[in-house]
Every structure is written in structure tokens, then in C-alpha cells.
Amino acid sequence: MTRPLQAQIDLSALKHNLGVVRGHAPQSRTMAVIKANSYGHGMLRVAHALDTADGYAVLNVEEAVALREAGFNQTILLLEGFFSVDELPTLAEYRLASVIHCPEQIEMLEMSGLPVKLDVFLKLNSGMNRLGFRPEAFGAALQRLQAARAVGRITLMTHFSCADEAQGIATQLACFDTLAAGLDAPRSLANSAAILRYPQAHGDWVRPGIMLYGSSPFADASAASLDLKPVMTLTSAIIGVQELQVGEAVGYGAAFRAEQPARVGIVACGYADGYPRHAPTGTPVLVNGQRSRILGRVSMDMLCVDLSGIPGAGIGSPVTLWGKGLPVEEIAAAAGTISYELLCALAARVPVVEI
Ligand SMILES: *Cc1c(COP(=O)(O)O)cnc(C)c1O
């Protein structure tokens with residue numbers, strides 16, 4: 001038998017979650033966000049499972065070209081746009097759409113002499129202050145793009161900083177709406193959180209990421225309560241058992257010490273697999289389908305779990321690190337991070353199985 005760790009990817013859950021997106025934003029086209037290797041789920045695998053999506057959003061030209069070459073005909077959007085003029089012929093050849101977020105990119109388009117027209121998503125910095133034109137520069141950027149020979153369809157776009165938080169989107173949405181008022185151009189604003197909570201921000205293209213993968217963008221709402229199904233389930237098995245006597249410790253730093261006799265299971269999964277090293281004692285785990293907790297420090301290839309309440313468990317018992325029956329958000333919260341980071345960090349060495 002090989003090392004028992006694997007990531008199961010549930011393609012029917014992906015399709016279900018796309019249906020949830022569509023249910024919330026029935027008037028909008030869906031741009032499936034598949035950057036970061038589809039949040040760790042495998043870019044092409046996810047693109048195929050979501051082949052009814054109207055478009056895909058990725059980070060770099062290599063990913064976009066791989067999608068086109070795999071036969072996808074939909075809109076493919078580069079979320080940070082192009083980085084140098086050398087990339088423009090490839091964008092033209094593969095009909096890739098580009099975010100335009102700075103004047104330097106417009107200049108490159110103007111100078112390019114491209115024989116075809118590229119579709120662009122002009123990005124407004126409506127308050128996140130990451131990428132995009134400030135409101136006072138937006139109109140001029142739009143005019144330059146409208147005049148540029150290498151530019152085809154222009155979609156207006158912004159990105160929210162607080163759609164998942166109490167602060168919400170009101171200020172940013174008002175900024176966008178003011179600038180977009182009267183312009184006859186498609187609009188794209190909403191990430192998962194805005195799709196779920198702010199129908200007034202759906203626009204023509206929604207851009208779901210995390211919800212497609214079955215995880216909640218909110219700290220105050222579970223994925224299940226949003227009808228989202230987890231796509232990735234990380235499973236392994238117990239490969240060793242230790243009986244600790246009172247006062248004995250387990251793992252590096254002797255970070256967990258038994259106050260009563262304890263049965264400890266050693267699981268084939270560690271931080272080199274993508275499990276967060278900062279997950280402390282008490283982080284939930286399923287053993288034989290029963291809830292338990294990890295003990296002590298996560299090491300590179302292994303972690304330890306409490307078998308004290310699970311008498312039937314032993315070597316070979318199945319372990320769920322996250323996924324079905326154990327939302328990844330819970331592990332993320334215990335480790336002081338968000339589900340996005342855990343999913344994206346799934347290590348290349350973990351075998352992936354489609355179910
Ligand atoms: C990553 C990203 C998204 C998707 O965000 P989720 O919170 O995962 O839904 C949408 N838009 C842009 C610009 C992004 O970078």
C-alpha cells in the first residue's frame with residue numbers, strides 16, 4: 001500500500017456550487033475564478049467540471065494559454081492583466097481578455113500595433129487601493145482605451161475589500177455606480193461574498209472563487225447554511241499508535257503532555273502536505289468518522305491525534321483532515337487563517353483523486 005494521504009475532489013460538488021452561484025445571480029454571466037491552480041483543486045480539472053461557466057479568470061498567460069489549448073472557447077480573463085508588451089501577441093493569438101489597471105498598460109496597448117482588438121476589463125480602484133485607476137483618473141483611462149485601435153470590448157470592473165465583513169460594500173459600490181452611470185458597458189464587481197450578500201452588485205459578470213470550492217467566505221455563516229458543498233476532502237489514515245503514560249509528551253517541543261493516560265494516533269499528513277503547522281492542540285479532525293482533535297505540533301510529514309474517545313481506532317483507521325463532515329473553515333480558524341490559504345497550499349506531492 002502507498003502512503004494513505006490523498007485529496008479527493010468531488011466534481012459533482014463543484015457543479016452544484018456553480019448552480020448556487022447561478023441561483024443567486026441568474027441575470028449575470030459567471031466568470032469562474034480558477035487562479036492558484038483552482039485554489040489547489042487543479043486548474044484544468046475544475047475548468048472541465050465547470051465547462052458551462054461563461055468565462056474563466058486566471059493570473060498569468062501560461063495558465064490562459066493552457067486553457068485555450070485544452071479547447072475552452074469562453075472568455076479567459078487575466079486578473080492582473082499583462083506585465084510587459086512582449087505578452088501582447090500571445091493575448092491576441094489566444095483571444096485573452098486582460099484587466100487594465102494602470103496607465104502603463106494602456107500605453108503598451110497604444111504602442112503595440114496589434115492587428116486585432118483585445119477585450120479589456122478596466123479596473124476602478126473604488127477603495128481597496130490595490131490595483132486600479134483612482135476615480136479621478138478613471139474617465140481619462142476609459143477614453144484612451146476607447147480610442148485605442150488594439151482595444152475591443154471594454155468591461156468596467158472593481159473589486160471589494162470588505163464584502164465578507166460587517167463594513168460591507170456601500171462606499172465602494174457608490175463610487176463605482178457614480179463613475180459607471182450612463183456608460184454603456186458591461187460591469188463586473190462581485191466576488192463570492194458579494195454574490196451571496198449583495199445582489200445590487202451582481203452586474204453583468206460575477207466572479208466567484210471560494211464558493212465554487214464549497215467554502216464560505218464569511219466568518220459568520222457556514223458553507224452548509226449557504227448550500228455550498230465541499231469539493232476537496234483531505235483524507236489519510238493512522239499509521240502508528242502510541243500509548244502515553246501520565247507526564248509523557250508527543251511530538252516536537254513536547255508541546256502536548258498527557259495529564260492522563262492517552263492513546264495517540266499518528267497520521268500520515270504534515271505541513272509539507274499543506275496542513276497548517278500553526279494548527280494547535282484541539283484542532284478538529286475526524287477519525288473513523290468521529291470527531292477528535294490533533295495533539296501537539298504538526299510536523300513535516302505527520303501529525304498526532306487523540307484516540308482516547310475512539311476505542312475502535314487503530315492502524316489503518318481513516319482520518320479526515322478537512323472536507324466532507326469537517327469544514328475546512330474550522331481548521332483554518334483554529335490555525336488563525338482562512339480556508340483559501342489552506343486549499344491553495346495543498347502540496348503538489350499529495351495525490352489527487354476525482355470522485
Ligand atoms: C480572487 C478574486 C476573485 C474571487 O474571490 P472569492 O473571494 O474567492 O470569490 C474575484 N475577483 C478578483 C479580482 C479576484 O482576484
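All residue numbers in this chain count up from 1 along the given sequence. Whatever order the structure lists them in is the order used to number ligands and atoms, beginning at 1.
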Is there a donor in the side chain of Ser188 and an acceptor in the side chain of Arg207, or the other way round, less than 3.5 Å apart?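 Side-chain D/A pair, Ser188 to Arg207: present.
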Who are the ring pair (Phe, Tyr, Trp, His ring centres under 6.0 Å) partners of His16, not counting sequence neighbours?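 Checked His16 against ring pair (Phe, Tyr, Trp, His ring centres under 6.0 Å); zero matches.
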Qualifying residues under ring pair (Phe, Tyr, Trp, His ring centres under 6.0 Å), relative to His41, sequence neighbours excluded: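 With sequence neighbours excluded, His41 shows a ring pair (Phe, Tyr, Trp, His ring centres under 6.0 Å) to Tyr213, given in chain and number order.
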List ligand 1 atoms under 4.0 Å from Tyr39, heavy atoms only on the residue side.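 Near Tyr39, meaning under 4.0 Å from one of its heavy atoms, ligand 1 has 1 (C), 4 (C), 5 (O), 6 (P), 8 (O).
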Carboxylate-amine/guanidinium contact Asp273 Arg349, below 4.0 Å: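 A salt bridge links Asp273 with Arg349.
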List the closest protein heavy-atom neighbour of [atom]: residue, atom name, distance to the nearest 0.1 Å.
atom	result
atom 9 (O) of ligand 1	Ser192 OG, 2.5 Å
atom 13 (C) of ligand 1	His159 ND1, 3.6 Å
atom 10 (C) of ligand 1	Arg207 O, 3.4 Å

Considering both backbone and side-chain atoms of [X], is one of its nitrogen or oxygen atoms within less than 3.5 Å of a nitrogen or oxygen in ligand 1?
X	answer
Gly209	yes
Lys35	yes
Ile210	yes

Does Gln74 reach the main-chain N or O of Ala53 with its side chain, forming a donor-acceptor pair under 3.5 Å?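 The answer is yes, because a donor-acceptor pair under 3.5 Å joins these two groups.
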Tyr340, Tyr213, Phe160, Phe121: member with heavy atom nearest to atom 7 (O) of ligand 1: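 Minimum heavy-atom distance to atom 7 (O) of ligand 1 goes to Tyr340.
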Under 6.0 Å from the six-membered ring centre of Phe218 and within 45° of its axis: does the NZ or CZ of Arg197 meet both?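 Verdict for Phe218: a cation-pi partner in Arg197.
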